[in-house]
Number of protein chains: 2
Amino acid sequence: MNEMRSIRPDIIRKIAPELCPVRTVIAHIGDKWSTLILSQLMKQPHRFGELRRAVPDISQRMLTQTLRDLQRDGYVEREVFATKPPSVEYRLTELGRSLVGSLQHLVDFAFTNHDRVLQARARFDAENG
Amino acid sequence: MNEMRSIRPDIIRKIAPELCPVRTVIAHIGDKWSTLILSQLMKQPHRFGELRRAVPDISQRMLTQTLRDLQRDGYVEREVFATKPPSVEYRLTELGRSLVGSLQHLVDFAFTNHDRVLQARARFDAENG
DNA sequence: CTGTATCCACAGCGATACTG
DNA sequence: CAGTATCGCTGTGGATACAG
């Protein structure tokens, strides 16, 4: 009657992790730089160098790579201006702004509860080793 | 006039990453198993073995470790019953339920926009190499 | 200015075996 | 049943040098 019954989520995850929507999206939140880049681009479009200065502790390599991944998934648009020397501008797409909007709830939670987490952590470490 | 001006976020992140609330919280969302465990515990409290069966593709090592981290930060409570053999029950704390609530917006986004992301990805890969 | 290429270190995670 | 201990692989990210 229900043939889907036998397709267990864990098997799907094992065979094709890219089919899990949550994983696909969270990939850009779990990595080290995406959220910082996104929140920076939320303010306004940035050129490559502007982003470097806005997030100074990122390496050039990781900035390039993170922007590329965000562009690939449709969160960021890249526009090249044929100036001399060339300049490139990055901005959020509608999808990107939507992602940041959904992410905002988590950010709010983080700021609201950061103290609670640190206290829980201290207590745990005191009770255990 | 404003002495905080010189304390730049990137310096803070470099010296003491644990002081960034967003990083602290997102650590449990970026890793491989936390969200799955949390959503499972959202349904109801689980014993250790129940969780293993609910998330069968997790190793025993990672289940133990993930639960420990979640407990340490105050998202999960652990209760030991002195039965024979012993049993242990894990449940969400109020803080844990709050976290899952904030996370839900992101999950909704993921399901709503998964297709869009995959399309963007396919287009990007077609245009580039 | 905006990238690419290469090399390397470390942390996350899985497999397996063992324990109270 | 509910863990711990050990080992090894892999992927992420940093440093550095080079290029259009």
Side-chain angles (χ1 to χ4, degrees), chain A residues 10-11 13-15 17-18 20 23 26-37 40-41 45-72 76-91 124 128-129, chain B residues 10-11 13-15 17-18 20 23 26-37 40-41 45-72 76-91 124 128-129:
Chain A
D10 59 298
I11 301 297
R13 284 198 305 274
K14 200 161 221 163
I15 298 174
E18 73 280 7
C20 174
R23 285 261 162 92
I26 284 181
H28 293 289
I29 284 154
D31 73 9
K32 194 168 180 181
W33 300 108
S34 290
T35 56
L36 274 167
I37 306 287
Q40 202 58 36
L41 291 180
H46 280 68
R47 292 184 45 190
F48 187 87
E50 288 176 339
L51 276 174
R52 274 199 89 173
R53 286 187 292 278
V55 189
D57 54 344
I58 193 175
S59 67
Q60 194 174 31
R61 178 191 188 284
M62 288 315 297
L63 181 53
T64 302
Q65 184 175 307
T66 305
L67 284 170
R68 204 154 218 284
D69 292 343
L70 290 173
Q71 186 197 353
R72 184 168 109 102
V76 164
E77 269 173 359
R78 178 179 185 271
E79 184 173 6
V80 181
F81 297 98
T83 55
K84 204 175 67 161
S87 75
V88 181
E89 190 174 279
Y90 293 91
R91 72 179 66 85
F124 182 93
N128 304 269
Chain B
D10 58 300
I11 301 297
R13 283 199 305 275
K14 200 161 222 163
I15 298 173
E18 73 279 8
C20 174
R23 285 261 161 91
I26 284 182
H28 293 289
I29 284 154
D31 73 10
K32 193 167 181 181
W33 300 109
S34 290
T35 56
L36 274 167
I37 307 287
Q40 203 59 37
L41 291 180
H46 280 67
R47 291 184 46 190
F48 188 87
E50 288 176 338
L51 275 174
R52 274 199 89 175
R53 286 186 292 278
V55 189
D57 53 345
I58 193 175
S59 67
Q60 193 174 32
R61 181 190 186 283
M62 288 316 297
L63 180 53
T64 303
Q65 184 175 307
T66 304
L67 284 169
R68 204 155 219 284
D69 292 343
L70 291 173
Q71 186 198 352
R72 184 168 108 102
V76 163
E77 270 173 358
R78 178 180 186 269
E79 185 173 5
V80 181
F81 297 97
T83 55
K84 204 175 68 159
S87 75
V88 181
E89 190 174 279
Y90 293 92
R91 72 179 69 84
F124 182 92
N128 304 270

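Residue numbers start from 1 in every chain, and the chains themselves are labelled A, B, ... in the order their sequence lines are given, proteins ahead of strands. The model shown is predicted, which means the values in this text are computed figures rather than measured ones.
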Give the rounded distance in Å between these two atoms: [atom1] of [X] and [atom2] of [N].
X       : N      : atom1 : atom2 : answer
A:His28 : D:dG13 : NE2   : P     : 12 Å
B:Leu51 : D:dA2  : CG    : P     : 10 Å
B:Arg68 : D:dG3  : CZ    : P     : 9 Å
B:Leu63 : C:dT16 : CG    : P     : 18 Å
B:Arg52 : C:dG14 : CZ    : C1'   : 12 Å
A:Gln65 : D:dG13 : CD    : C1'   : 8 Å
A:Asp69 : D:dG11 : CG    : C1'   : 13 Å
A:Gln60 : D:dT16 : CD    : P     : 13 Å

Between [options], which nucleotide has the shortest distance from any of its atoms to the side chain of [X]?
X       : options               : value
A:Val88 : C:dG14, C:dT2, C:dA17 : C:dT2
A:Phe48 : C:dT2, C:dT4, D:dT4   : C:dT2
A:Arg61 : D:dT4, D:dG14, C:dT2  : D:dG14
A:Pro86 : D:dC1, D:dG20, C:dT4  : D:dG20
A:Met62 : C:dT4, D:dT4, D:dG13  : D:dG13

*Taking for each residue the nucleotide of DNA chain D with the nearest heavy atom, is it B:Glu89 or A:Gly30 whose nucleotide lies nearer the 5' end?*
B:Glu89

*A:Ser59 or B:Gly49: which one's nearest nucleotide on DNA chain D is closer to the 5' end?*
B:Gly49

*Side chain proximity check, B:Leu70 to B:His28, heavy atoms < 4.5 angstrom*: yes

*Are A:Ile26 and B:Lys32 close enough that some pair of their side-chain heavy atoms sits under 4.5 Å apart?*
no

*Does B:Arg23 make a cation-pi contact with A:Trp33 (under 6.0 Å, within 45 degrees of the axis)?*
yes

*Residue-phosphate contact under 4.0 Å: B:Arg47 side-chain N/O, D:dA2 OP1/OP2*: yes

*If only side-chain N and O atoms of B:Tyr90 are considered, is one of them under 4.0 Å from the OP1 or OP2 phosphate oxygen of D:dC1?*
no

*Are B:Arg78 and B:Glu89 close enough for a salt bridge, meaning some N to O gap below 4.0 Å?*
no

Just to be sure I understand the rule, does [X] reach a base, reach only the sugar-phosphate, or reach nothing, if contact means heavy atoms closer than 4.0 Å?
X       : answer
B:Lys32 : sugar-phosphate
B:Arg78 : sugar-phosphate
A:Thr64 : base
B:Phe81 : nothing

*Is there a donor in the side chain of A:Ser34 and an acceptor in the side chain of A:Asp31, or the other way round, less than 3.5 Å apart?*
yes

*Can you check whether A:Arg68's main-chain N or O pairs, donor with acceptor, with A:Gln71's side chain at less than 3.5 Å?*
no

